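Indexing begins at 1, ligand by ligand and atom by atom, following the structure's order. Keep in mind it's a predicted model, so treat the numbers as computed, not measured.
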Amino acid sequence: MEQFTHYFPRLAELIVFHEVSTPLATASITGHRQGSFYGLDVTPERVTSDALRMKTPLTGLYLTGQDVLSPGIPGAFWGGILAAASIDPKVFMKMKVI
Ligand SMILES: Cc1cc2nc3c(=O)[nH]c(=O)nc-3n(C[C@H](O)[C@H](O)[C@H](O)COP(=O)(O)OP(=O)(O)OC[C@H]3O[C@@H](n4cnc5c(N)ncnc54)[C@H](O)[C@@H]3O)c2cc1C
């Protein structure tokens, strides 16, 4: 806040509430390693890992979310779609372009 006030003094006067989030805050809320916003580290190992596939060797156990596809909300969204499609590929037939 000191730095913000230094660079933006007129904006700083207008602030009525502020909350500071750090990787420690993210770690305590999400449990992600080192407070990463986007889950697992995005490394070649992650992308090519056989452990991060929708279908698992356990019958009836599927994985979904950002960690099986790509980081962020779009990645989590498509992770969900692809997990559903791993169970029933006809799920794509139900998707409509609006
Ligand atoms: C502060 C912050 C800001 C972000 N801003 C953006 C942004 O602007 N744009 C963007 O694209 N992405 C953003 N992200 C990333 C985005 O939130 C994630 O990519 C997305 O939420 C991942 O979705 P997910 O379904 O894979 O996992 P999550 O949303 O993490 O869902 C996992 C769920 O599983 C639950 N869970 C965990 N362990 C267990 C267990 N053992 N038993 C039962 N339930 C469990 C958790 O409580 C949680 O509800 C942000 C993330 C953070 C932390």
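- Residue Pro71 comes nearest to Val42 through the heavy atom pair CG-CG2, 3.5 Å, listed as atom of the first residue, atom of the second, then distance.
- Put simply, OG1 on Thr26 and OH on Tyr38 are 11.0 Å apart, with the number rounded to the nearest 0.5 Å.
- Residue Thr26 has at least one heavy-atom neighbour below 4.0 Å for each of these atoms of ligand 1: 53 (C).
- Heavy atoms from other residues, nucleotides or ligands lying under 6.0 Å from CE of Met95 number more than 12.
- The protein reaches atom 11 (O) of ligand 1 closely, with a heavy atom under 4.0 angstrom from it.
- Atom CG of Leu63 and atom NZ of Lys55 lie 12.5 Å apart (nearest 0.5 Å).
- Put simply, atom 32 (C) of ligand 1 has no protein non-hydrogen atoms near it, under 4.0 Å away.
- When Phe37, Phe77, Tyr38 are ranked by how near their heavy atoms come to atom 1 (C) of ligand 1, first place goes to Phe37.
- Residue, atom and distance of the protein heavy atom nearest to atom 30 (O) of ligand 1 are His32 NE2, 4.5 Å.
- Hydrophobic clustering, with ILVMFWY side chains joined whenever heavy atoms are under 4.5 angstrom apart, keeps Val47 apart from Phe37.
- For atom 3 (C) of ligand 1, the nearest protein heavy atom lies closer than 4.0 Å.
- Counting all heavy atoms, side chain and backbone alike, Arg46 lies closest to Asp41 at CD-O, 3.0 Å.
- The presence of a protein heavy atom under 4.0 Å from atom 23 (O) of ligand 1 is confirmed.
- Residue-to-ligand polar distances keep Thr64 apart from ligand 1: every N/O pair is separated by 3.5 Å or more.
- Distances from atom 28 (P) of ligand 1 to the protein include no heavy-atom value under 4.0 Å.
- Less than 4.0 angstrom separates some heavy atom of Gly65 from each of these atoms of ligand 1: 26 (O).
- Contact record, Pro44 with Thr48: O-OG1, 2.7 Å, taken as the closest heavy-atom pair.
- In this structure, atom 19 (O) of ligand 1 has a protein heavy-atom contact shorter than 4.0 Å.
- The nearest protein atom to atom 17 (O) of ligand 1, hydrogens excluded, is given as Ile73 CG1, 4.5 Å; this is a heavy-atom distance.
- Within the 4.0 Å cut-off (strictly below), no protein heavy atom is located near atom 43 (C) of ligand 1.
- With hydrogens left out, the protein atom closest to atom 26 (O) of ligand 1 is Gln66 N, 2.7 Å, a heavy atom.
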Begin from the C-alpha positions of Phe4 and Leu11 and carry the test side chain to side chain contact (heavy atoms under 4.5 Å, CB included) through to its verdict.
CA-CA 9 Å; Phe4 182 85; Leu11 279 178; 4.1 Å; yes

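- Using a 4.0 Å cut-off to heavy atoms of Pro74, the atoms of ligand 1 that qualify are 11 (O).
- Contact annotation for atom 40 (C) of ligand 1: protein absent (non-hydrogen atoms, distance under 4.0 Å).
- The shortest non-hydrogen separation linking Phe92 to Ala85 is CE1-CB, 3.4 Å.
- At the top of the distance list for atom 25 (O) of ligand 1, counting protein heavy atoms only, stands Ala76 CB, 4.0 Å.
- Residues Leu82 and Val91 share a single hydrophobic cluster, defined by chaining ILVMFWY side chains whose heavy atoms lie under 4.5 Å apart.
- Atom-to-atom distance recorded for Phe77:CZ and Gln66:CD is 15.0 Å, nearest 0.5 angstrom.
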